[in-house]
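Here the structure comes first, spelled out in structure tokens, and everything after it is commentary.
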Amino acid sequence: MADCVFCSIVAGEAPASIVHRDAAVSAFLDIRPVNPGHLLVVPNQHATHLADLPAATGARMVETAQRLAATLRASGLRCEGVNLLLADGVVAGQEVDHVHLHVVPRFAGDGFGFRFPLHHGAEATRSELDAVAAAIRRAGESPQV
Ligand SMILES: [Zn+2]
């Protein structure tokens, strides 16, 4: 896609420090790393949102991230843990309109973290959870649970 920085990287038209490349996905260092070794795994074909991605490509992204997480731990870079993060949509924090899975090496005291505010400040009741689960099942493809 024109004007997509990740498409340009995949095409070799923009610089990137690439660590993996196959027929479906590429992985390279994030230019704004949370920690050294912060990687992005992207599909080679442009897709804006997770739902736009062929399932096999999504699976390949996760498989690649899984392997890279293990590689980071063995790399000599400081890596005591790993976060995988995919921001799907602007309100979720997606800043580049090309699906990308962050692989973030973590260590104690690195300052990175997530906030998990409780909805309405309390645990949900079982009936609330069951109602939400029913709505998701109705919208999905596997209603038999
Ligand atoms: Zn793109």
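Whatever order the structure lists them in is the order used to number ligands and atoms, beginning at 1. Side chains are part of it too, since the values below use all heavy atoms of this structure and drop only hydrogens, waters and symmetry mates. Source: prediction; values computed, not measured.
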Considering only N, O or S atoms, which atom of His46 is nearest to the Zn ion (ligand 1)?
-> ND1

Are the aromatic ring centres of His98 and His100 under 6.0 angstrom apart?
-> no

Kindly give the atom name of the N, O or S atom of His98 closest to the Zn ion (ligand 1).
-> ND1

Within a reach of under 6.0 Å around CD of Gln94, are more than 12 heavy atoms found that belong to other residues, nucleotides or ligands?
-> yes

With the Zn ion (ligand 1) at the apex, how many degrees lie between SG of Cys4 and SG of Cys7, rounded to 10 degrees?
-> 120°

Closest non-hydrogen atoms of Arg78 and Ala108, given as atom of the first, atom of the second and distance, are NH2-O, 3.9 Å

So, does His46 use its side chain to make a donor-acceptor pair with the main chain of Asp97 at under 3.5 Å?
-> yes

